[in-house]
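Below: one structure, written as structure tokens.
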Amino acid sequence: MNIPDQRFTNRWIGFAWAMAAIAAALLLRWLLDPLMGNTLPLVTLFAAVAAAVWVSGVGAAVAAVAIGYLASNYLFIEPRGALSLDKTDIAVGLLAYLFTCTLIITFGEVARRAQAQASEGREVLRVTLRSIGDAVITTDNDARITYMNEVAEAVTGWALADAQAQPLDQVFRIVNESTRQPVESPATRALRDGVIVGLANHTVLLRKDGTECPIDDSAAPIRDEHERVSGCVLIFRDVTAQRRQEHQRDDQLMAARLLAAIVESSDDAVVSKSLDGTIRSWNAGAQRLFGHSAGQAIGRHISLIIPPERLAEEDRIVERLRAGERIDHFETERLGAAGQRIQVSLTISPIKNDAGEVVGASKVARDVTRQRQAEAELRRLADSLAEADRRKDEFLATLAHELRNPLAPLSNALAVMKRAGDDGAVVQRARDTMERQLAQLVRLVDDLLDLNRITHDRLELRTQPVELASVLQQALEASRPLADAAQHTLRVTLPDEAIHVNADPARLAQVFGNLLNNSSKYTRPGGTIDLAVQREGAQVCVSVKDSGIGIPPDQLDRIFEMFTQVERADHAAAGGLGIGLTLVKRLLQMHGGSIEARSAGEGQGSEFIVRLPTIDAPAHVAQPTAAPAEVPTEALVQRVLVVDDNADSAESLAMLLQMSGHEVFTAHDGEAAIQAADAHRPEVVLLDIGLPKVNGHDVCRHIRAQPWGRDIMLVALTGWGQDNDRRRSHEAGFDGHLVKPVGPDALLALLASRASAR
């Protein structure tokens, strides 16, 4: 239906309502007629006219006035049943009726229009509130809900029908987002203070179903025409997406700050540049590495730190970056502020804009100079260890060879002695062979022990002023048998003056003995060995020169290294462990001296030059001690307890002592040693340290704790010969410390000295 038709229909409906009101008024007057008679015939029409104008408007009301008067005139004004207008009182009544109806219609139309305008305003407000994008709730002056739009229904979870007349705090429940504590509604303050309350931040709305929704809200009071607060309007919105974005921005900002802090505090240099090479950022690590401050570097070209010959390298890097490629661990050189070359490892990443285009590069540079030096050092050490391992293997093979060499003749000589019977000459030759080979074994072990002591700084020198010639004489006597066996010519040249040095005579004799023996081993039979001494200022120079196989030039620098031996051209074994020259060098260094090896090459002989600091001639020279007075044989006989867990060692030593006339007892563990000492009360105890059940130190302490054990001579006889081993023996209460094997003469001399002292 179109608008004109709608209006026409509405007009007829209004006219019908007006006619119905007149009919009702006439019916009422007719019902009251018995009581009222001819008085007030028009009284009920005024209400009908008022109803007609309110419901249907002026037109219907005018029709109602006319129709109502005509009907009342005909029905209730005399003469009844006819229309009469010619009488004065009827005309006056008509005028009064028309005047009154005019007033009613006028005021009714005014009121009707006012009502229509109010309704229209309310409808406009309702439509406006429904169409607004934010949630809206209105309340009365008691903070009870009077209206809420559809958005408010969706956000709160309350329907308008359920929420209307409910207290606002029951529907609009809010808490602080962080503390979860209840928050006062802005509507409460708007009603209380009559002010507009701005948006509150970080507020969470608790929906009807218990879920949460972050919101922003505000409220304003509603005032009437007298400026009295009659309610409030509350506006709020769901800001879940906004909060999520804020959190994301906060997270991104925090990540950016953390990244900036990491970059700034990084030990590595972190530099960014544009594709044209302009430096854009420069962290503290870059300043430490390259020496340029950020102010000096930013805005400069990256060639500031690139060696000129590597600029093309930068162009290749840019090409790879333009292709979006990342470059990892690229090792190259860069320049420091002082012009120094720095070995660096670069990790380079492309920097892209929002469109995905490469606009720059980020470089992380790490100084690998020390790392490369360390790697080179590690490689050197690895090579050195490999070489040491190779020499160790050679040494072990040589050691096995050198130990087997004496063992073979020892075994052979022992077999000869078993079969010799009464042939004294054969037995004597076998004994001589065994003594020589045993001495060789002892020298091997002594050299190893000496080298170990020096390596661990446990060798102590007993230095004193000595005449060098006497030391050289001892060395010559010790090495002469080897030279004579090879038919070497041994020539000695000494100065006329006496030369004195501050040295340990035994160790210095060992040095020169080793050098002479070394020359004998590497000189073919019939060759010559020259020992020459001359003073050079405050030093003395001792030269040991031979006509032997010589030393190759490539081995001169390492001839003093441990386990190094010069190979002979004829592949004949020279013997030894390859530690003699190492021992010589270490001992000379301990004396403040030095040694130098010279050789013209293979087959040209060798020369070893020793230099030692000299001292002035001492005022007094130590004289040899007088030989002890002879002691009667019967006084030398003693009771001796031999304790060793090696039964052969204990029994053979007991046999040796018994052959010398001593009374000997044996034990093979610590407990048996204590029992034997208590039972036999020996005068001398030769006690091994590494015993089962109770070790030698504890056995010594136990014997010393007994009244009868205080004067016993306790001697440690062991394979442990380090300085620390000797110290522990002394602390345990031993009178002496002998290292196996002990020569029979030395052992018998020890017993004789004890007997002499007694």
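Along the sequence shown, residues carry numbers from 1.
- Without hydrogens or angle criteria, Ser599 side chain to Ser606 main chain gives no donor-acceptor distance under 3.5 Å.
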side-chain contact (heavy atoms from CB on, under 4.5 Å) between Leu515 and Leu581: does it pass, once the steps are laid out?
-> CA-CA 8 Å; Leu515 291 177; Leu581 290 179; 3.8 Å; yes

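- Residue Asp554 places its CG atom among more than 12 non-hydrogen atoms of other residues, nucleotides or ligands, all under 6.0 Å distant.
- Side-chain atoms of Gln287 and Ser293 include no donor-acceptor pair closer than 3.5 Å.
- A salt bridge is defined here as a Lys NZ or Arg NE, NH1 or NH2 lying under 4.0 Å from an Asp or Glu carboxylate O, and Glu497 with Arg535 meets this definition.
- Using a 4.0 Å cut-off between charged nitrogen and carboxylate oxygen, Arg310 and Glu314 do not count as a salt-bridge pair.
- Atom CD of residue Gln555 and atom CD of residue Glu602 lie 8.0 Å apart, to the nearest 0.5 angstrom.
- With Thr369 contributing its side chain and Gln343 its backbone, the two residues share a donor-acceptor pair below 3.5 Å.
- Counting all heavy atoms, side chain and backbone alike, Ile279 lies closest to Val271 at CG2-CG1, 4.0 Å.
- Annotation: side chain of Asn517 is not in contact with side chain of Phe512 (no heavy-atom distance under 4.5 Å).
- Residues Asn724 and Ser729 are not in side-chain contact: their nearest non-hydrogen atoms beyond the backbone lie 4.5 Å or more apart.
- Side-chain contact between Lys585 and Gln589 is present, with heavy atoms from C-beta onward closer than 4.5 Å.
- Asp276 contributes no side-chain N or O that, together with a main-chain N or O of His301, makes up a donor-acceptor pair within less than 3.5 Å.
- Checking side-chain atoms of Thr523 against main-chain N and O of Ser520 turns up no donor-acceptor pair under 3.5 Å.
- Annotation: Arg370, atom CZ; neighbour count of heavy atoms from other residues, nucleotides and ligands within 6.0 Å does not exceed 12.
- With a 4.5 Å cut-off on side-chain heavy atoms, Ile305 and His292 count as touching.
- Between Ser303 and Leu311, some side-chain heavy-atom pair lies under the 4.5 Å cut-off.
- Side chains of Leu468 and His500 form no contact here, defined as non-hydrogen atoms less than 4.5 Å apart.
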Yes or no on side-chain contact (heavy atoms from CB on, under 4.5 Å) for Val175 and Leu206, after CA distance, side-chain angles and deciding distance?
-> CA-CA 8 Å; Val175 296; Leu206 304 180; 4.1 Å; yes

Test Val318 against Lys273 for side-chain contact (heavy atoms from CB on, under 4.5 Å), laying out the working first.
-> CA-CA 11 Å; Val318 171; Lys273 68 180 185 69; 3.8 Å; yes

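- A side-chain contact (heavy atoms from CB on, under 4.5 Å) with Val533 is found for one member of Thr493, Ile499, Val492 and no other, namely Ile499.
- For the pair Ser519 and Val544, the tightest heavy-atom approach, listed with the atom from each and the gap, is OG-CG1, 3.6 Å.
- A donor-acceptor contact under 3.5 angstrom links the side chains of Thr332 and Glu313, judged on distance only.
- The distance from atom CD1 of Ile327 to atom NE2 of His329, rounded to the nearest 0.5 Å, is 12.5 Å.
- Taking every heavy atom of both residues into account, Val151 and Ala135 meet most closely at CG1-N, 3.5 Å.
- Taking the charged nitrogens against the carboxylate oxygens, Asp367 and Arg334 have no contact shorter than 4.0 Å, which rules out a salt bridge.
- When atom types are taken as modelled, the side chain of Asp504 and the backbone of Arg462 share a donor-acceptor pair closer than 3.5 angstrom.
- In this structure, OG1 in Thr203 is found 11.5 Å from CD in Glu184, a value given to the nearest 0.5 Å.
- The environment of Arg366 atom CZ is sparse: at most 12 non-hydrogen atoms of other residues, nucleotides or ligands sit within 6.0 angstrom.
- Here the CG atom belonging to Asp216 is positioned 10.0 Å from the CG atom belonging to Asp238, to the nearest 0.5 angstrom.
- Residues Ala269 and Leu289 share a closest heavy-atom pair of CB-CD2, 3.8 Å.
- Look at Asp530 and Arg491 and you find a salt bridge, because one of the NZ, NE, NH1 or NH2 atoms lies within 4.0 Å of a carboxylate O, short of that distance.
- Side chains of Gln373 and Glu377: a donor-acceptor N/O pair is absent below 3.5 angstrom, by distance only.
- Under the 3.5 Å distance criterion, with hydrogens and angles disregarded, no donor-acceptor pair is assigned to the side chains of Ser272 and Arg280.
- Distance CG/Leu588 to CZ/Phe608: 12.0 Å, rounded to 0.5 Å.
- The shortest side-chain heavy-atom distance between Phe236 and Leu205 falls under the 4.5 Å cut-off.
- Residue Ser349 forms a side-chain hydrogen bond (donor to acceptor under 3.5 Å, both in side chains) with just one option from Arg326, Glu325, Lys363, and that option is Arg326.
- The backbone N or O of Ala338 sits less than 3.5 Å from a side-chain atom of Gln340, completing a donor-acceptor pair.
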Please report the C-alpha distance between Glu309 and Arg341 in whole Å, then the side-chain angles of each, then the deciding distance to 0.1 Å, and finally whether the salt bridge (charged side-chain N to carboxylate O under 4.0 Å, His left out) criterion is met.
-> CA-CA 12 Å; Glu309 71 276 10; Arg341 297 293 179 115; 2.7 Å; yes

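- A donor-acceptor pair shorter than 3.5 Å cannot be found between the side chains of Thr528 and Thr489.
- At a threshold of 4.0 Å, the pair Asp725-Arg727 does not count as salt-bridged, since none of the basic side-chain nitrogens sits closer than that to a carboxylate oxygen.
- Annotation: side chain of His737 is in contact with side chain of Thr718 (closest heavy-atom distance under 4.5 Å).
- The heavy-atom pair separating Val368 from Ser345 by the smallest distance is CG1-CB, 3.8 Å.
- In terms of heavy-atom proximity, Gly513 sits nearest to Ala475 at N-CB, 3.6 Å.
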What do the steps show when you test Ile306 against Leu335 for side-chain contact (heavy atoms from CB on, under 4.5 Å), and what is the final call?
-> CA-CA 6 Å; Ile306 300 178; Leu335 290 177; over 6 Å; no

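- Taken to the nearest 0.5 Å, the CG atom of Asp546 stands 11.0 Å off from the OH atom of Tyr522.
- With salt bridges taken as basic N to acidic carboxylate O contacts below 4.0 Å, one links Glu536 and Arg611.
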